[in-house]
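Take a look at the structure set out below.
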Amino acid sequence: MARSGAAASSPASVTGDGARSDATSLTREQKLELYYFMRLTRSLEERLVNLYRQTKVVGGLFRSLGQEADAVGSAYALDRSKGDMLSPLIRNLGSMLVQGAKPNEIIKQYMAKGDSPTRGRELNIHYGDLERGFIGQISHLGDMVPVMAGVTLSFKMRRQNRVGLVYVGDGATSTGAFHEGINFAAVQRCPLVVIVENNGYAYSTPLRKQTAAKQLVDKAIGYGIAGEQADGNDVIATYEVTKRAVDRARSGGGVTLIELITYRRKGHAEHDNQSYVPAGEIDRWAKENDPIDRYAARLNDEGVGAPELAAIDARVQSEIDEATDEAEASPMPDPTDALVGLYADPPAVAPLWFRQGIKSAVEVHERPASWGTHDV
Amino acid sequence: MARSGAAASSPASVTGDGARSDATSLTREQKLELYYFMRLTRSLEERLVNLYRQTKVVGGLFRSLGQEADAVGSAYALDRSKGDMLSPLIRNLGSMLVQGAKPNEIIKQYMAKGDSPTRGRELNIHYGDLERGFIGQISHLGDMVPVMAGVTLSFKMRRQNRVGLVYVGDGATSTGAFHEGINFAAVQRCPLVVIVENNGYAYSTPLRKQTAAKQLVDKAIGYGIAGEQADGNDVIATYEVTKRAVDRARSGGGVTLIELITYRRKGHAEHDNQSYVPAGEIDRWAKENDPIDRYAARLNDEGVGAPELAAIDARVQSEIDEATDEAEASPMPDPTDALVGLYADPPAVAPLWFRQGIKSAVEVHERPASWGTHDV
Amino acid sequence: MSEITYLEAIREALFEEMERDANVFCLGEDIGAYGGAFKVTEGLMAKYGEERVIDTPISEAAIIGAAAGAAHMGMRPVCEMQFIDFISTGYDMLTNYVATARYRAMLPCPMVVRGPSGGYVRGGPFHSQNPEAAFLHTPGLKIVYPATASDAKGLLKSAIRDDDCVLYFEHKYLYRRIKEEMPSGDHLTPIGKARIAREGRDVSIITYASTVWKALEAAEQVEKEDGLSVEVVDLRTLLPMDDDAITATVKKTNRVLIVHEDTRTGGVAGEITARITENAFEWLDAPILRVTAADVPLPYSPPLEDYVLPQTSDIVLALRKLAAY
Amino acid sequence: MSEITYLEAIREALFEEMERDANVFCLGEDIGAYGGAFKVTEGLMAKYGEERVIDTPISEAAIIGAAAGAAHMGMRPVCEMQFIDFISTGYDMLTNYVATARYRAMLPCPMVVRGPSGGYVRGGPFHSQNPEAAFLHTPGLKIVYPATASDAKGLLKSAIRDDDCVLYFEHKYLYRRIKEEMPSGDHLTPIGKARIAREGRDVSIITYASTVWKALEAAEQVEKEDGLSVEVVDLRTLLPMDDDAITATVKKTNRVLIVHEDTRTGGVAGEITARITENAFEWLDAPILRVTAADVPLPYSPPLEDYVLPQTSDIVLALRKLAAY
Ligand SMILES: Cc1ncc(C[n+]2csc(CCOP(=O)(O)OP(=O)(O)O)c2C)c(N)n1
Ligand SMILES: Cc1ncc(C[n+]2csc(CCOP(=O)(O)OP(=O)(O)O)c2C)c(N)n1
Ligand SMILES: [Mg+2]
Ligand SMILES: [Mg+2]
């Protein structure tokens, strides 16, 4: 395996005891729930691919194939009953599902429906819900780090027992916003976990063109925070390393930077043909290090039979079918809804003079040739 | 001494062999030149204080008292004959003098004269000269790091044997620009030396409110570059550590981050009363760790007699007197020069309609009460 | 009650709002023990502690982003930019994250970003900026820029209570130069409403911030010397713009001069002009004129700064030209 | 010669300029082996190598800052923003460092920042922006925004040769939708000169970029249906603005409609309006009207995006209103 063993390298600056895939306090039920969320993530994305090919998706489609363990395992370490919050990125569909996002919301978002969580304003999984504890990202990479520094600063100021988690990709670690945000949180000892999902690429850019650091976890010491690295394709290891960081944050120990080693098996978005990837690399990860295969094997070893997993798979399928039906039947937004909700006051922007009384701008929506050729 | 011994702590991530104040290949002549530049820096600033008190300085006045060794020793490690370049900050008057800046230029800048290097456009030591190899900074902290990454990238692309040096304060390490710039240079293995002048404060903010890192040199490993720390109040140690980094850069070894431990004995600018500084701290540094006193003692030990140093002091004084006379006699800028030189083409902006044919906007220049109360 | 300066009025607003609402907190560089580069926040940390008056690292993007995050959770952060010129490093955070939060993600973002703005103080190109035009173009933000001490107080208090992000620019030339007795009680200046700084019949000057004072000076001069009656409208809020007040003054005098300290091209005057020609074209008896800074970075040497920035004499010249048209 | 698309024209300009001048190099995210998010730089790295076609980390401020540093030393960098929306994170670097370099420190800064701009492609609020107004306000920059394939090529070549920083916005909706035969030889479009895209007598439309095409469509429609003769001026360069061309068309038709895709308040139309009332007020027979996007972040769902962005039918309506005035 190319890089999945990185957790074992245990650099000087990494605290904790690295991957402990075997030791976990999770119950059997919780373990099956992890499986459920990973399967749901993958199958839901597969459904989106179908819809995309039917040209029912508006805009690009983003996959987290091969990264489901990283997303699900880390989010699972948060305590929803305590009001923990997370800020997902484009590969964190799994994290959002754990936090309570619903498949029909995701499909509606991708189909730009009027009753999608953003009412058709923002694309793909860019949405949030303060109640359920996740915050809608913007495209500008790194920007969510300062925002989550502020979210968790408010936890601290209000003496709340809550923790926040923010994801960044290997590429996003190069942004100024990442740096300013993590440093701010470190100084304030905010209860924040920063997960760097090192999936080897930022769009087409391999890690070595993104940073000269040997490993991204090496950045922790420069911020004076705890740093850990784990195998992001091992859902239990991911859960455990995140859980330690969440506990540390909750008990006043401040920020942890976790580097999860994983691999992006699909292109940046569906249109990307991955011509820049060395031959064989993707296959190797698919064959030797698929997080769901690995986890199913492990569960099997632990006595969970194939029929039990198949039952979960079936449940996932029917949930997705139902969600798809609901999403497809949903209406597109009302054009003039575009004017609503920019400010608390006034509640809507007035239509421009040439649109007074006009309800929609064009009768038929052209589908530009470039649809699907652009990214988040 | 509060923090001057930091060089001895030799953290795991620091390469090289720390402070080697005793071992140096500098000649006697060069050593005296170091003394000259440190003395020139201090005396020139003292002259500026006089001019400031006479309200002849326009705007704030910035001191590097106690940091002369850091500025002079590091800049001295560049090779001007090879076309090395540096980007100074507000505490780097000494670095600029080493690189060829002239006292009369500095005084003219502070007096906003028409024949100052920026013709009255920019304040204090914010100016540069490509010929002599220094680049005019802007106020926005951190921004010079990407710029120097680009300067040194051009050295690399053109197979030139040149090196660049950029200064940042402890405070400026928190900026996104610093992070993006140093990372960019690290990946490109630019021939760049980044000197972090850790003088304990950013304006009124002590280091612990700026970063949670134990030491700033710990940031090096996160960028995959060499890191060294040295006693910035020891001019020889500063020279040596910088020289190693310059040699590394010139021989293709890429970026080095050097943390120089020093102390800002004056306020952020002349108006700052340093009320936030713990009692006794400044005195302690002044008494126990003045870089010029320390260096004079060392030279004395090495056989340089007091008369020889006094002669240098006298030479410095007469150079400054001459420079002051020249600067005082210089004209203020011609008002309409404000319209010249924004673009290469057109060479000047046209005057606005209400100023056609008008040569100056007001007859008498009011001196606002807030002069001197603002910073760079 | 006694008079207080523009700067003291800002400070008073901060004290009152922090006292009134425990969710209000301040963050910025050197605002704590030091009291800020201009001492606006002096005494605040002593009273409200380090947790509600936060000295931050030098990172404007983080200051603004963290404020947004805290605002989502119900806090009411007030960010200080040490000089407003440094807001440029938070430009992305403000225009992309903050301004769109409610619209794209139903995230409330009640926060204020404030800082010393403007020139006439020999501050040079990076300590004299007027960034209002750079943000006028961003739906989702509100922008206020007070010219008087009572508006400085009233607008800041309104801004802190506003449920969206308000950029509050305070003019450093006015900090200690103007004084006023504060209206009694819980003084709020409404956001979005202009103020008639001087009534007049012959020509209108539309302006804001420092140049309100220059406009008033010029108005007085031409009244004395030319017998002209000049109306001066102080916009106070730039976004949303008070179209009613603008249209009303145009209909009254039929001659308009727009004055701002900021550079000319792409400045706020353009937007005002466009609104006037749309809303009151037929009432115009003369071209709309602009007196603004010249289109260069602001140089620091006194003769240069004076030449670049608009002066009272320029306004006088423009008023005469308009009156004679 | 055969026709090439707007996108191919940009690529052709890059190849020609890199061939002509060894100081020209490109830097940006994924522009190398991958050829860029839209494949504008496809083939460039294969031909000129990794040193002259640099895949950078995700750091727009560093890309722009490094370009400036290299430009000081005589290089001619061309920066790609993967989407122009990300230029916001380099806003400080551009407006404070780059734009002032020559003026404050005699530092030459010949560089280009380019990237896919604009909407009509369901890109949502962060992949559809038109940032021209945010920079119009910065003396020291130049801004071009071509509408045709030949201008796309000619302006990029001129921008690369310009001795100052040029922001080059390329409209992604036009990338593959328009084609044109390139003028032969070393084709340069002058910076600062507008283009008459269509001659007319009754009303002038002043516009640029994508809406040039909508303006032409509308012009044709009202010619057919109403017998109106509409002149369409494609500004091409926004900074410096071609006052001569603007004044000339106003004096010819006496009725002006300004159209841009960008949001209304603080958009470029305001500046154009101000210049017209200053330079040609007496020639106006009707108010200057604006057709622009509504003042909201651009939503992504088709019915919403279509509603927010200006459409041909809006221009038709405005032309009729102006003609009837
Ligand atoms: C500031 C900024 N610059 C550029 C982009 C364009 N962009 C979108 S995703 C991406 C690559 C992200 O890579 P990484 O952070 O590793 O996340 P991954 O997609 O691998 O999960 C880029 C360059 C962006 N969104 N934001
Ligand atoms: C981006 C930015 N934010 C704020 C400032 C205001 N400012 C000027 S100097 C300074 C403190 C700098 O501290 P440090 O980097 O440690 O340098 P020192 O003055 O100690 O040498 C601050 C906050 C600035 N110049 N740039
Ligand atoms: Mg990645
Ligand atoms: Mg410092």
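In what follows, every chain begins at residue 1, and chains take the letters A, B, ... in the order their sequences are listed.
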Which answer fits [X], side chain, backbone, both or neither, if we ask what part of it has an atom under 4.5 Å from a heavy atom of chain B?
{"X": "C/Ala293", "result": "backbone"}
{"X": "C/Lys321", "result": "side chain"}
{"X": "C/Arg264", "result": "side chain"}
{"X": "C/Ala318", "result": "both"}
{"X": "C/Pro116", "result": "neither"}
{"X": "C/Leu309", "result": "backbone"}

Relative to chain C, which of [options] shows the most heavy atom pairs under 4.5 Å?
{"options": "B/Thr118, B/Leu342, B/Leu141, B/Asp334", "value": "B/Leu342"}
{"options": "B/Asp337, B/Thr336, B/Val349", "value": "B/Thr336"}
{"options": "B/Met332, B/Met111, B/Gln274", "value": "B/Met332"}

*Give a yes-or-no answer on whether the side chains of C/Asp55 and B/Thr205 include a donor-acceptor pair shorter than 3.5 Å.*
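Looking only at side-chain atoms, B/Thr205 and C/Asp55 do not form any donor-acceptor pair under 3.5 Å.
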
Chain B: which of [options] shares the most heavy-atom pairs with it under 4.5 Å?
{"options": "C/Thr292, C/Asp295, C/Asp30, C/Ile315", "result": "C/Asp30"}
{"options": "C/Gly124, C/Pro310, C/Ala294, C/Pro297", "result": "C/Ala294"}
{"options": "C/Val308, C/Ile54, C/Val291, C/Thr312", "result": "C/Val291"}
{"options": "C/Thr89, C/Asp85, C/Leu298", "result": "C/Asp85"}

_Residue pair B/Asn124 / C/Tyr300: nearest heavy atoms and the distance that separates them_ = N-OH, 4.4 Å

Measure [X] against the heavy atoms of chain C and call it side chain, backbone, both or neither at under 4.5 Å.
{"X": "B/Arg119", "result": "backbone"}
{"X": "B/Ala350", "result": "neither"}
{"X": "B/Asp143", "result": "neither"}
{"X": "B/Tyr110", "result": "backbone"}
{"X": "B/Leu352", "result": "side chain"}

Quick one, [X] and [Y] - any side-chain contact, counting heavy atoms below 4.5 Å?
{"X": "B/Glu122", "Y": "C/Pro125", "result": "yes"}
{"X": "C/Phe86", "Y": "B/Ser139", "result": "yes"}
{"X": "C/Asp306", "Y": "B/Ser360", "result": "no"}
{"X": "C/Ser301", "Y": "B/Arg121", "result": "no"}
{"X": "B/Lys359", "Y": "C/Tyr307", "result": "no"}
{"X": "B/Lys209", "Y": "C/Pro57", "result": "no"}
{"X": "B/Tyr203", "Y": "C/Ile58", "result": "no"}

_Between OG on residue C/Ser313 and CD1 on residue B/Ile358, distance to nearest 0.5 Å_ = 6.5 Å

_How long is the straight-line distance from OG of C/Ser59 back to CD of B/Gln210, given to the nearest 0.5 Å?_
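Here the rounded value is 7.0 Å.
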
*Assess whether side-chain contact (heavy atoms from CB on, under 4.5 Å) is satisfied between B/Asp272 and C/Tyr34, documenting all intermediate values.*
CA-CA 9 Å; B/Asp272 166 5; C/Tyr34 190 66; 3.6 Å; yes

_Going by ring pair (Phe, Tyr, Trp, His ring centres under 6.0 Å), name the residues that satisfy it together with B/Phe354, two or more places apart in sequence or in a different chain._
none

_Does B/Glu328 have more than 12 heavy atoms from other residues, nucleotides or ligands lying within 6.0 Å of its CD?_
yes

